[in-house]
Protein chains: 2
Amino acid sequence: MFETESMDAVFRALAHGGRRKILDLVSAKPGCRVGDVCTHFEMSRIGVLKHINLLEAANLLISEREGRERRLYFNVVPIQTIYERWTTEYSGLWAGRLTRLKYEVESTRNDSANPNTLRDRSHRDTRDNQEQDQ
Amino acid sequence: MFETESMDAVFRALAHGGRRKILDLVSAKPGCRVGDVCTHFEMSRIGVLKHINLLEAANLLISEREGRERRLYFNVVPIQTIYERWTTEYSGLWAGRLTRLKYEVESTRNDSANPNTLRDRSHRDTRDNQEQDQ
DNA sequence: AACATTGGTAACTTAATGGTTACATGTTCC
DNA sequence: GGAACATGTAACCATTAAGTTACCAATGTT
């Protein structure tokens with residue numbers, strides 16, 4: 001719906017705990033180098049390097065060459081974009097209107113006669129492997 | 001750092017465009033059923049089902065049986081948790097203090113004499129395949 | 001010049017994901 | 001009861017992702 005291609009890269013980059021840890025490290029020590037990040041992992045240097053590169057490709061890290069060193073900086077912008085996506089898309093939820101409803105659903109679990117039923121069915125699912133209208 | 005196991009599931013669940021789309025659909029039509037979601041995908045019904053199950057495992061969807069049907073509801077809570085994680089962890093950034101710095105780094109790219117250099121090096125990387133101190 | 005340091009490529013192995021088809025189970029409707 | 005329906009399970013295949021080792025290329029240092 002509101003998906004951009006770059007957003008997908010960001011989401012995928014964030015899907016890895018090690019990479020999130022890298023973001024933590026770099027944001028704690030802006031300007032640190034590849035080797036500095038590596039010291040915090042059991043993994044091989046190349047393993048870490050690939051994660052760093054992936055993060056940079058997603059624009060979550062910015063790197064800057066300085067002689068033989070490579071300085072790393074964390075870039076908040078993509079995460080802010082994601083934040084906007086959720087707050088815009090699910091604005092109602094964040095505003096608290098539906099949030100309360102959800103909490104009720106989660107805790108009580110007995111509003112079995114939910115009025116918000118979907119009845120716009122139009123798919124032909126008979127005997128598996130249907131192809132649907134996009 | 002601030003990682004919980006459940007948070008990892010959430011991040012991984014969000015890493016797939018199709019699953020994010022499912023969240024969009026369900027949050028737009030709370031209480032819709034599995035089949036309803038399927039109509040919006042080219043994929044086979046089972047493919048979609050697995051994504052739905054994964055989302056439920058990550059607690060991003062809540063489902064409720066009603067006869068032979070399964071009603072789906074979006075659960076904001078995990079996303080709120082993630083939001084907290086970022087805003088807490090990178091609070092300085094969101095507060096705008098470091099954010100400005102980052103923007104400068106991104107736009108100008110010539111603060112080559114960054115004072116924030118990390119010099120706590122202590123790893124022995126000589127000839128690859130080092131094991132580091134955790 | 002010689003050598004340690006820092007970073008990067010290339011090629012490969014293994015594990016995880018995304019997706020499929022075929023079959024199974026419980027429900028509603030006649 | 002029996003047909004159509006909604007959902008689910010099992011077994012499997014293809015692709016991608018994660019990580020490894022071995023080697024390469026600059027840059028500093030003495």
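Chain letters run A, B, ... following the sequence lines, proteins first, then strands; residues in each count from 1.
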Just so I know, are the side chains of B:Asn59 and B:Val77 near enough to count as touching, which here means a heavy-atom distance under 4.5 Å? no

Reckon B:Arg71 has a side-chain N or O less than 4.0 Å from the OP1 or OP2 of D:dA6? no

Checking all strands, does A:Gly47 fall into the base, sugar-phosphate, or nothing category for heavy-atom contacts under 4.0 angstrom? base

Atom pair distance, as rounded to whole Å: CD in A:Glu66 and C1' in C:dG7: 14 Å

For the pair made of CG in A:Leu49 and P in D:dC24, what is the distance, rounded to whole Å? 18 Å

OP1 or OP2 of C:dT17 less than 4.0 angstrom from a side-chain nitrogen or oxygen of B:His51, does that happen here? no

Look at the side chain of A:Arg68 against the base of C:dT6 and say whether a donor-acceptor pair falls under 3.5 Å; ignore hydrogens and angles. no

Between A:Ile82 and B:Leu14, is any pair of side-chain heavy atoms under 4.5 Å apart? no

For the pair made of CD1 in B:Ile46 and P in C:dA22, what is the distance, rounded to whole Å? 12 Å

Tell me: CD of A:Glu42 to P of D:dT20, nearest whole Å? 10 Å

Are the side chain of A:Glu69 and the backbone of A:Arg33 linked by a donor-acceptor contact shorter than 3.5 Å? no

Would you please confirm or rule out a distance under 4.0 Å between OP1 or OP2 of C:dA16 and any side-chain N or O of A:His16? no

Compare side-chain N and O positions of B:Arg19 against OP1 and OP2 of C:dG18 and report whether any pair is under 4.0 Å apart. yes

Salt-bridge contact B:Asp8-B:Arg12 (side-chain N to carboxylate O under 4.0 Å): yes

Quickly work out the B:Ile22 CD1 to C:dG18 C1' distance and round it to whole Å. 12 Å

Lys/Arg-Asp/Glu bridge criterion (N-O < 4.0 Å) met for A:Asp24, A:Lys21: no

Length of the CD-C1' vector between B:Glu64 and D:dT7, whole Å: 16 Å

Counting just side-chain N and O atoms, does B:Ser44 come under 4.0 Å of either OP1 or OP2 of C:dT20? yes

Ignoring hydrogens and angles, are the base of C:dG19 and the side chain of B:Lys50 linked by a donor-acceptor pair under 3.5 Å? yes

Spacing of A:Asp36 atom CG relative to C:dT5 atom P, expressed in whole Å: 15 Å

Please determine if a side-chain N or O atom of A:Arg12 lies less than 4.0 Å away from the OP1 or OP2 oxygen of D:dA17. yes

Residue-phosphate contact under 4.0 Å: A:Arg70 side-chain N/O, C:dG8 OP1/OP2: yes

Separation of D:dA17 atom C1' from A:Leu54 atom CG, nearest Å, is 9 Å

Between the base of C:dG7 and the side chain of A:Arg45, is there a donor-acceptor distance below 3.5 Å? yes

